[in-house]
K.L.:
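I am attaching a structure below and will ask some questions about it afterwards.
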Amino acid sequence: MHRPMLFDNHGRPLNYLRLAVTDRCNLRCFYCMPEEGINYLPKKELLSFEEIESIVSVLAQLGITKVRLTGGEPFVRTDLMKLISKIMDINGINDVHVTTNGVLTAPYIKELKNLGIASVNLSLDTLDPHRFKLITRRNEFEKTRNTLRMLIENGIPIKINTVVMEGKNIDDIIPLVELTRNENISVRFIEEMPFNGEGSHYSKLNWTYKKILNHIESAFPTLEKIMDPANATAYHYKVKEYRGNIGIIAAFSRTFCGSCNRIRITAQGILKTCLYDDGVLNIRDLIRSGKSDEGITQELLYAFNHRAKNGIEAEAHRNKKIITESMSTIGG
Ligand code: SAM
Ligand code: SF4
């Protein structure tokens with residue numbers, strides 16, 4: 001079936017949806033959520049599976065072909081596998097990916113493989129159990145590590161996401177690069193962003209993508225630049241003799257906006273056309289007010305036609321000037 005291409009007002013193709021299936025999480029990562037006092041959304045405010053399917057179907061008609069399920073932690077949502085299977089069946093959706101902290105994931109890996117999951121992004125900031133506990137405020141390192149082992153054993157394409165944090169996991173950068181020696185995985189180092197749910201403890205970005213790169217280069221003289229896939233947010237490199245590769249994501253410096261092909265939908269059904277905006281359309285309320293698919297399509301197209309040029313502009317246009325959201329409500 002021939003699909004239309006969807007473009008924004010800056011001529012950028014849009015084909016990638018990142019959808020948060022829940023705002024709940026079983027970890028409390030320092031950079032994402034406060035340790036205590038989290039106000040989860042009441043369940044009725046979250047998108048139902050039917051609403052998610054309906055939104056993805058409308059977007060697939062418009063030209064979205066790739067979906068990533070994220071959260072919060074996607075695997076805390078009951079019946080996630082059913083949802084994945086249903087999204088895979090939507091006409092026009094070519095590949096479905098999931099981002100997970102890996103704590104609850106291992107028992108589902110065979111099923112994910114059988115369903116044909118395109119890839120799993122595993123968030124892993126350290127290979128040290130003690131530091132894992134300090135960063136995530138939970139003692140679950142072994143479960144996440146086991147998920148990584150099982151993903152490798154089952155041949156599922158893997159990207160590891162590592163947020164680089166001064167004073168927290170700098171000693172892990174080199175050991176994480178070492179994971180690419182024998183395994184064909186991609187380890188991506190991400191600049192820390194201010195979405196920690198507190199609006200505090202984030203004064204200045206210390207580990208910029210350039211500093212991360214310099215640090216890795218000094219330990220691996222044979223590090224070479226490799227081609228970045230189209231619309232990639234990461235700069236890709238490879239230690240010459242290693243099987244896997246690494247990526248560095250300038251998530252705070254925002255150097256990749258010119259080719260950004262992604263939109264986001266939060267767990268409560270808010271459309272974000274940039275990670276740094278604070279929501280441009282409440283799709284859930286449109287559905288619940290009985291708006292037709294045609295009406296919703298028009299509203300979506302309007303939003304795609306009024307997209308900020310980049311993350312700096314999106315941040316400047318926010319209604320709430322200070323960023324106090326947690327990444328767990330956005331999905332990363
Ligand atoms: N719970 C899942 C997980 O951790 O993989 C999915 C949701 S999590 C919000 C998605 C991604 O966002 C993770 O890779 C996480 O490391 C990243 N993330 C969360 N807060 C961040 C922040 N303040 N800066 C940079 N990345 C962040
Ligand atoms: Fe949970 Fe993922 Fe946020 Fe960590 S990064 S608190 S695992 S949602």
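In each ligand, atom 1 is the first atom listed, and ligand 1 is the first ligand listed. Side chains are part of it too, since the values below use all heavy atoms of this structure and drop only hydrogens, waters and symmetry mates.
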K.L.:
Return the closest protein heavy atom for atom 10 (C) of ligand 1 as residue, atom name and distance.
P.N.:
G331 O, 3.5 Å
K.L.:
Nearest protein heavy atom to atom 12 (O) of ligand 1, by residue and atom, and its distance?
P.N.:
G332 CA, 3.7 Å
K.L.:
More than 12 heavy atoms of other residues, nucleotides or ligands under 6.0 Å from NZ of K320: yes or no?
P.N.:
yes
K.L.:
Looking at D89, I'd like to know if its CG atom is crowded, meaning that more than 12 non-hydrogen atoms belonging to other residues, nucleotides or ligands lie closer than 6.0 Å.
P.N.:
yes
K.L.:
To which residues is M33 joined in a hydrophobic cluster, defined by side-chain heavy-atom contacts under 4.5 Å among Ile, Leu, Val, Met, Phe, Trp and Tyr, whether direct or through other members?
P.N.:
I38, Y40
K.L.:
Tell me whether the guanidinium CZ or amine NZ of R254 lies under 6.0 angstrom from the six-membered ring centre of Y276 and within 45° of its axis.
P.N.:
yes
K.L.:
Would G71 count as a contact of ligand 1 if the rule is a heavy atom under 4.0 Å away?
P.N.:
yes
K.L.:
Could you check atom 25 (C) of ligand 1 against the protein and tell me its nearest heavy-atom contact, residue, atom and distance included?
P.N.:
M193 CE, 3.5 Å
K.L.:
So is T99 touching ligand 1 or not, going by heavy atoms under 4.0 Å?
P.N.:
yes
K.L.:
What protein heavy atom is closest to atom 5 (O) of ligand 1, reported as residue, atom name and distance in Å?
P.N.:
S123 OG, 2.5 Å
K.L.:
Once salt bridge (Lys or Arg N to Asp or Glu O under 4.0 Å) is applied, what residue pairs with a partner in residues 273-286 remain, sequence neighbours excluded?
P.N.:
E45-R284, K272-D277
K.L.:
So, 4.0 Å and heavy atoms of G72: is ligand 1 close enough to count as a contact?
P.N.:
yes
K.L.:
Side chain or backbone, does E73 bring an N or O within less than 3.5 Å of an N or O on ligand 1?
P.N.:
yes
K.L.:
Take atom CZ of F141 as the centre, draw a 6.0 Å sphere, and report whether it contains more than 12 heavy atoms from other residues, nucleotides or ligands.
P.N.:
yes
K.L.:
Taking 4.0 angstrom as the limit and counting only heavy atoms of V163, give me the atoms of ligand 1 inside it, by number and element.
P.N.:
16 (O), 25 (C), 26 (N), 27 (C)
K.L.:
What atoms of ligand 1 come closer than 4.0 angstrom to any heavy atom of E191?
P.N.:
25 (C)
K.L.:
Determine whether the aromatic ring centres of residues F189 and Y237 are separated by less than 6.0 angstrom.
P.N.:
no
K.L.:
With atoms numbered from 1 as shown, which atoms in ligand 1 lie under 4.0 angstrom from a non-hydrogen atom of E192?
P.N.:
24 (N)
K.L.:
Classify the contact between T100 and ligand 1 as side chain, backbone, both or neither, using a heavy-atom distance cut-off of under 4.0 Å.
P.N.:
backbone
K.L.:
Considering the options F220, W207, Y209, which one meets the ring pair (Phe, Tyr, Trp, His ring centres under 6.0 Å) requirement together with H215?
P.N.:
W207
K.L.:
Got a list of side-chain donor-acceptor pairs under 3.5 Å for residues 14-23, not counting sequence neighbours?
P.N.:
from	atom 1	to	atom 2	distance (Å)
N15	OD1	N261	ND2	2.8
Y16	OH	R18	NH1	3.0
Y16	OH	R68	NE	2.8
R18	NE	G332	O	3.0
R18	NH2	G332	O	3.2
T22	OG1	R24	N	3.0
D23	OD2	L41	N	2.9

K.L.:
A quick test of your reading: do over 12 heavy atoms of other residues, nucleotides or ligands sit less than 6.0 Å from NZ of K66?
P.N.:
yes
K.L.:
Could you tell me which atoms of ligand 1, counted from 1 in the order shown, lie closer than 4.0 angstrom to a heavy atom of N161?
P.N.:
14 (O)
K.L.:
Working note: I190 + I212, criterion side-chain contact (heavy atoms from CB on, under 4.5 Å); need CA distance, chi angles, decisive distance, verdict.
P.N.:
CA-CA 9 Å; I190 308 173; I212 299 169; over 6 Å; no
K.L.:
What protein N/O/S atoms are there under 2.8 Å from atom 1 (Fe) of ligand 2, waters excluded?
P.N.:
C25 SG
K.L.:
Considering heavy atoms of the protein only, find what lies nearest to atom 21 (C) of ligand 1 and give residue, atom and distance to 0.1 Å.
P.N.:
Y31 CD1, 3.5 Å
K.L.:
Does K168 make a cation-pi contact with F30, if we ask for NZ or CZ under 6.0 Å from the ring centre and within 45° of the axis?
P.N.:
yes
K.L.:
Counting only heavy atoms not in K238 (residues, nucleotides, ligands), do more than 12 fall under 6.0 Å from its NZ?
P.N.:
yes
K.L.:
Identify the closest protein heavy atom to atom 19 (C) of ligand 1: which residue and atom is it, and at what distance?
P.N.:
M327 CG, 3.3 Å
